[in-house]
Structures are given as structure tokens and as C-alpha cells.
K.L.:
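Shown below is the structure under consideration.
All heavy atoms count here, side chains included; hydrogens, waters and symmetry mates do not. The chain is numbered in sequence order, starting from 1.
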Amino acid sequence: MIIIKSPEEIELMRESGKVTKQVLEELETFIRPGLSTQDVNKFVEDIITGHGMYPTFKGYSGFPAGACVSVNDEVVHGIPDKARILHEGDIVSVDVGSTYKGYVSDAARTYAVGNISKEAQRLIDTTRESFFAGLEFCRVGFRLSDISHAIQTRAEADGFSVIRDFVGHGVGQNLHEDPQIPNFGKPGRGPRLAPGMVFAIEPMICEGTYDVRTLENNWTVVTKDGKLSAHYENTVVITDDEPQLLTV
């Protein structure tokens, strides 16, 4: 069941979203070669807790950190580690959630570590553009799969693949709520969008095959072919008018 949020609930999520947005913006200048992924996690957690909020991911289903920090071929759920060092030319996806008075915002970005290849930058750019292609259909009257289809069409137009095994989702008092929102599929399917729906829309796009595997830590998901993957996510509110982004 899709939970429709009241204006009061959306305002609480908006406050949470401001902090998640701040985290992602400050990471733009923080991330650099020589840092560990644990350094990135500490930076994220310090900002969130400094605002009196809780890092949503910490302890979620046993996840040990406040941010998922995924490097290069890691698609999602990278576990921060002081021994995992970022190097020039890497790309790193950081997925973050903040909880404020019981309400969650969820967003992710992929960052360049120093100077990266043109192809890596193109992947990052296309992943972001795929999100905004989907956002065009986050309006009353469209169906859920219209978002999915737009994301897939934009990503594949640039020769990239869309991860199938992980999807966007509803968000509110819980990090993962109904509905699931694939980043691929035929248009015109699923429920019609209505005001008060709140979604975490998150294209995960890769250079090669969309096939993935999970590492022995039972969390980190990587591309089977070892090629790069990028991630872009925002918390989106469906309104009577334009969609509202709580994390941009």
C-alpha cells in the first residue's frame, strides 16, 4: 500500500531533506584522493548528528555505518572501511539517509575522485540525467512505470545499462516503503500518481552488463563484469503541480 503523506509529514521530511542535501553538497569538496571510505562515512555522520538527526542507514537491517560508500564497480551498499583508500581516477557513490522526528529523507550522488576518465564522467552525467528524465513523469495522472521507462530510455540512449536487481521505493517513516520503483520497464503500468506520494527515485546505471553479485560481506553489490557503476537519487514529493525535490 502506498502511504499518502500529510502536509505536516512532508514538512518533517523537508527538514530531514535539508540536512541530506547539505551532506551531499559538502561531499563535493571533501572527497579527494587519499581518504578512506571510513573517512567519508565519519564526515557524513558528523554532519547529520550535528543537526540533531540520526543517520538512517546506521543499524538498518544490521548495516554498520551511516552511509553506503561504493567505489568503482560497487553498485550499492559499500561498507565504509578505514583500509579502503580512494585513489585518483576512482568514482565513489555515497548513499545517505537522515531521520528527523521519525521521518526519513534518502539521496545519493556519485563523485569523481580527482581527475577521472571521460567515460567515467559520461556515466556519472548520464545517471544524473536519467533521474531528471524520470522526474518529468512524477506528476499527477502518470503511472508509476512511466518514471521507470523514462529512466531506462535515457540511460540506454547513451549505451549504458540499467541495474535490474535494485530499485527505487517509497519513503516516509520507514526507509523502504511501497511502492517499488524499477529503473526500467514498459510505460503505462502500475498505480497512477497522486498528491502526497513520496518516492526515493534512484537510477543505478552501469558501463557494461547489468548483472550483479553480492560480496562475502552480504552487503556490497558489484557488477559481475567489474565495470563502473554510478548512482543518483533524490527524495521526491508528488504534488498537484510540479514535483518537489526534498534533497536538491
K.L.:
What's the spacing between Asn183 CG and Thr127 OG1 if we round to 0.5 Å?
P.N.:
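One finds 10.0 Å between CG of Asn183 and OG1 of Thr127.
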K.L.:
Is a side-chain N or O of Arg143 found less than 3.5 angstrom from the main chain of Pro191, in a donor-acceptor match?
P.N.:
no
K.L.:
Report the distance from atom CZ of Phe184 to atom OG of Ser148, rounding to the nearest 0.5 Å.
P.N.:
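Here the interatomic distance stands at 8.0 Å.
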K.L.:
With a 3.5 Å cut-off and sequence neighbours excluded, list the donor-acceptor pairs that the side chains of residues 48-69 form with protein atoms.
P.N.:
unit_1, atom_1, unit_2, atom_2, d
Thr49, OG1, Glu45, O, 2.8
Thr49, OG1, Asp46, O, 3.4
His51, NE2, Gln22, OE1, 2.9
Tyr54, OH, Lys58, O, 3.1
Thr56, OG1, Gly97, O, 3.3
Thr56, OG1, Ser98, N, 3.2
Thr56, OG1, Ser98, O, 3.4
Thr56, OG1, Thr99, N, 3.2
Thr56, OG1, Thr99, OG1, 2.6
Lys58, NZ, Glu45, OE1, 3.0
Tyr60, OH, His176, ND1, 2.8

K.L.:
Is a donor on one side and an acceptor on the other found under 3.5 Å between the side chain of Ser145 and the backbone of Arg189?
P.N.:
yes
K.L.:
Can you check whether Asn115's main-chain N or O pairs, donor with acceptor, with Glu88's side chain at less than 3.5 Å?
P.N.:
yes
K.L.:
Heavy atoms only: give me the nearest Ile163-Cys206 pair and the separation to one decimal.
P.N.:
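Nearest pair, atom of Ile163 first, then Cys206: CD1-SG, 3.7 Å.
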K.L.:
Could you pull out all residues at least two apart from Ala200 that satisfy side-chain contact (heavy atoms from CB on, under 4.5 Å)?
P.N.:
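With neighbours one apart ignored, the set is Asp106, His169, Val171, Glu233.
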K.L.:
Can you list the residues that meet the side-chain contact (heavy atoms from CB on, under 4.5 Å) rule with Glu119, with sequence neighbours excluded?
P.N.:
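With neighbours one apart ignored, the set is Ser117, Arg122, Phe160, Glu207.
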K.L.:
Just by distance, do the side chain of Asn217 and the backbone of Thr220 share a donor-acceptor pair under 3.5 Å?
P.N.:
yes
K.L.:
Which heavy atom of Thr235 sits nearest a heavy atom of Met13, and at what distance?
P.N.:
CG2-CE, 4.2 Å
K.L.:
Taking Val94 as the starting point, is it possible to reach Val76 by hopping between hydrophobic residues whose side chains are less than 4.5 Å apart?
P.N.:
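Different clusters: Val76 never reaches Val94 through Ile, Leu, Val, Met, Phe, Trp or Tyr contacts under 4.5 Å.
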K.L.:
Are a donor atom and an acceptor atom from the side chains of Glu28 and Tyr111 found within less than 3.5 Å of each other?
P.N.:
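Result is no, nothing qualifies.
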K.L.:
Looking only at heavy atoms, which two atoms of Gln152 and Gly185 are closest? And how far apart?
P.N.:
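Between these two residues, the closest heavy atoms are OE1-N, 2.9 Å.
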K.L.:
With sequence neighbours excluded, what pairs up with Glu11 under the salt bridge (charged side-chain N to carboxylate O under 4.0 Å, His left out) test?
P.N.:
Arg14
K.L.:
With clusters built from Ile, Leu, Val, Met, Phe, Trp and Tyr whose side-chain heavy atoms come within less than 4.5 Å, directly or transitively, what are the remaining members of the cluster of Leu215, listed by chain and number?
P.N.:
Val222
K.L.:
Test Lys5 against Glu8 for salt bridge (Lys or Arg N to Asp or Glu O under 4.0 Å), laying out the working first.
P.N.:
CA-CA 8 Å; Lys5 276 68 177 183; Glu8 293 76 18; over 6 Å; no
K.L.:
Is there a donor-acceptor pair closer than 3.5 Å between any side-chain N or O of Thr37 and the backbone N or O of Asp81?
P.N.:
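Yes.
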K.L.:
Checking side-chain polar atoms at under 3.5 Å, does Ser93 have a donor or acceptor matched by the opposite partner on Ser70?
P.N.:
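No, no side-chain donor-acceptor contact under 3.5 Å.
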K.L.:
Tell me whether Val23 shares a hydrophobic cluster with Tyr100, the cluster being built from Ile, Leu, Val, Met, Phe, Trp, Tyr side chains joined at under 4.5 Å.
P.N.:
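Yes, same cluster.
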K.L.:
Is there a path of hydrophobic side-chain contacts, each under 4.5 Å between heavy atoms, that joins Val96 and Ile91?
P.N.:
no
K.L.:
Can you see whether Thr209 engages Asp211 through a side-chain donor-acceptor pair at a distance of less than 3.5 angstrom?
P.N.:
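There is such a pair (donor and acceptor under 3.5 Å, judged by atom type) between the side chains of Thr209 and Asp211.
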K.L.:
Of all the heavy-atom pairs spanning Pro187 and Asp146, show the shortest one and how long it is.
P.N.:
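It is CB-OD1, 3.4 Å.
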K.L.:
So, does Arg84 use its side chain to make a donor-acceptor pair with the main chain of Ser36 at under 3.5 Å?
P.N.:
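No.
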K.L.:
Would a hydrophobic clustering, with Ile, Leu, Val, Met, Phe, Trp and Tyr connected at side-chain separations under 4.5 Å, put Leu35 with Leu24?
P.N.:
yes
K.L.:
Identify whether Val19 and Leu175 are in the same connected component of the hydrophobic contact network (ILVMFWY, side-chain heavy atoms under 4.5 Å).
P.N.:
yes
K.L.:
Look only at the side chain of Thr20 and the backbone of Thr247, and say whether a donor-acceptor pair between them is shorter than 3.5 Å.
P.N.:
no
K.L.:
Which ILVMFWY residues are connected to Val236, directly or by a chain of links, through side-chain heavy atoms under 4.5 Å apart?
P.N.:
Ile2, Ile4, Phe131, Phe132, Leu135, Phe137, Val140, Phe142, Leu144, Ile147, Ile151, Ile181, Leu193, Met197, Phe199, Ile201, Tyr232, Ile238, Leu245, Val248
K.L.:
Measure from the side-chain N and O atoms of Thr153 to the backbone N and O of Ala150, and report whether any donor-acceptor pair falls under 3.5 Å.
P.N.:
no
